[in-house]
Amino acid sequence: MSNKPGTLYIVATPIGNLDDISLRAIAVLKAVSRIAAEDTRHSRRLLQHHGIDTPMLALHEHNERQALKGLLKLLQQGEDLALISDAGTPLVSDPGFPLVRACREAGIGVSPVPGPSALVAALSVSGLPVDSFCFHGFLPRSSSARRERLEVLAGEYPTQVFYESSHRILHALRDMCEVLGGDREICVARELTKQHEDIMQGSLDGVLAMVEEDTQRQRGEFVILIAGAPRRDRDLPDEEALRILDLLLEELPLKQAAALAAHITGEKKNRLYKLALERR
Ligand code: SAM
């Protein structure tokens, strides 16, 4: 028995295509003494595909609190362990949070082996702004709770990202259409990296129609990405403010012109200063 605790490796696995796994992930999964897997039967296929015969034990949402005590003990005894989920990056809408938290609190090292996640894969191909986004995991199952959540998000500027299953894809898209309006731009990424990969994009009502018309497109796993709310007009200084700024810029130094224009129009001085810089 070693005095030094082992390390818990959080290992990302494919979201469809079994070859989407890093060389390091394979090496770590081979080297650790055990792999905690969400569904051992499901993960066996992946491990066999890559010639990994490390023993597995189950860690899923129903036994998570229970199982973590045993895992902590093994780590404290010096064993290195890996955590994997059925697909993608563990903890991202998947089990593992209590275990990682407990390891951190116990001073046990937790190390990532990064790789696929449906969230990042979908963002990278969506054609929607990625500089700022908000990930919500799964929306509530009941329509009233789902609509309530969507109403809260309706005015947000960043791209909004959700996971969705085949059971609720149509209901979710219909609620989105009603709450956010059919014009809002959307991307629905279905079955990424799999044989029937399908990336639909356009207006919310257009994409809803595509999914309604074709039952094939209601099957599989989905990431829904919705463009943020359009910037409101009041975010732009009105034309009158710009006219005054331009007039003052003809007579005054830039800083003074911006300050005076702000005083006259009630616009923010900083914004007018930036605009003045651009207009000079
Ligand atoms: N941990 C995973 C990750 O990093 O992406 C997510 C696990 S979550 C339980 C499963 C959900 O992820 C699915 O219901 C679906 O919304 C999304 N998902 C997983 N694989 C996908 C794929 N190949 N294409 C589209 N969405 C996928």
Side-chain angles (χ1 to χ4, degrees), residues 12-17 20 38-39 42 60-62 85-97 115-130 132-229:
T13 58
I15 57 168
N17 187 320
D20 286 338
E38 189 181 1
D39 177 344
H42 173 94
H60 44 72
E61 57 174 331
H62 304 296
S85 61
D86 286 355
T89 301
L91 279 86
V92 179
S93 293
D94 265 341
F97 174 69
S117 178
L119 161 67
V120 176
L123 273 167
S124 72
V125 294
S126 68
L128 292 172
V130 180
S132 169
F133 65 86
C134 190
F135 173 60
H136 302 279
F138 290 93
L139 277 165
R141 288 168 181 227
S142 92
S143 183
S144 57
R146 192 161 53 227
R147 282 166 187 242
E148 233 169 78
R149 179 77 62 82
L150 290 168
E151 270 155 23
V152 172
L153 306 176
E156 297 289 316
Y157 295 140
T159 298
Q160 307 289 313
V161 190
F162 308 90
Y163 281 166
E164 198 47 274
S165 73
S166 54
H167 309 296
R168 278 176 293 279
I169 185 69
L170 263 181
H171 303 293
L173 291 175
R174 284 177 184 146
D175 284 347
M176 286 171 176
C177 215
E178 275 189 33
V179 176
L180 307 174
D183 291 342
R184 190 77 77 99
E185 202 183 341
I186 186 176
C187 173
V188 173
R190 184 174 82 88
E191 295 288 86
L192 290 172
T193 76
K194 301 187 199 175
Q195 192 186 352
H196 298 293
E197 181 178 274
D198 181 15
I199 298 161
M200 299 169 258
Q201 63 190 111
S203 62
L204 234 168
D205 52 8
V207 170
L208 171 61
M210 288 181 209
V211 179
E212 276 175 335
E213 278 160 19
D214 184 348
T215 53
Q216 269 310 324
R217 290 186 136 170
Q218 297 163 20
R219 300 211 175 110
E221 300 190 282
F222 302 83
V223 183
I224 304 177
L225 308 101
I226 302 185

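What you see is a predicted model; the values in this text were computed from it and never measured.
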Is a donor on one side and an acceptor on the other found under 3.5 Å between the side chain of [X] and the backbone of [Y]?
X	Y	result
Glu221	Ser165	no
Arg147	Asp175	no
Arg219	Ser166	no
Ser132	Pro158	no
Ser93	Gly137	no
Glu38	Asp86	yes

Can you tell me how far the [atom1] atom of [X] sits from the [atom2] atom of [Y], to the nearest 0.5 Å?
X	Y	atom1	atom2	answer
Met210	Asp205	CE	CG	10.0 Å
Gln216	Arg190	CD	CZ	6.5 Å
Glu164	Phe138	CD	CZ	7.0 Å
Glu185	Ser203	CD	OG	9.0 Å

Considering only heavy atoms from C-beta outward, does the side chain of [X] approach that of [Y] to under 4.5 Å?
X	Y	answer
Ile186	Ile224	yes
Arg141	His167	no
Arg168	Leu139	no
His136	Leu153	yes
Val223	Leu119	no
Val130	Ser124	no
Asp39	His60	no
Glu156	Cys134	no

- Just do the side chain to side chain contact (heavy atoms under 4.5 Å, CB included) check on Leu123 and Leu128 with the steps written out, would you? CA-CA 7 Å; Leu123 273 167; Leu128 292 172; over 6 Å; no
Mind running side chain to side chain contact (heavy atoms under 4.5 Å, CB included) on His171 and Arg146 for me, showing each step along the way? CA-CA 10 Å; His171 303 293; Arg146 192 161 53 227; 3.3 Å; yes
Heavy atoms only: give me the nearest [X]-[Y] pair and the separation to one decimal.
X	Y	result
Ile199	Cys187	CG2-SG, 3.7 Å
Ile15	Lys194	O-CE, 3.4 Å
Pro95	Glu61	CG-N, 3.9 Å
Pro14	Asp20	CG-O, 3.4 Å
Thr89	Pro116	OG1-O, 2.8 Å
Met200	Val207	CB-CG1, 4.2 Å

| message | If you take the centroid of each ring, where Trp contributes its six-membered ring, are Tyr163 and Phe135 closer together than 6.0 Å? | response |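 For Phe135 and Tyr163, the ring centres are under 6.0 Å apart.
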Exercise. When Glu212 is tested against each of Arg174, Gln218, Arg217 for side-chain hydrogen bond (donor to acceptor under 3.5 Å, both in side chains), which residue passes?
Worked result: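 Only one option passes, and that is Arg174.
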Please evaluate residues Phe162 and Ile226 with respect to the criterion side chain to side chain contact (heavy atoms under 4.5 Å, CB included), reporting the C-alpha separation (whole Å), side-chain torsions for both, the decisive distance (0.1 Å), and the verdict. CA-CA 9 Å; Phe162 308 90; Ile226 302 185; 4.0 Å; yes
Crowded around His42 NE2? As in, over 12 foreign heavy atoms under 6.0 Å?
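It does: His42 NE2 has more than 12 such atoms within range.
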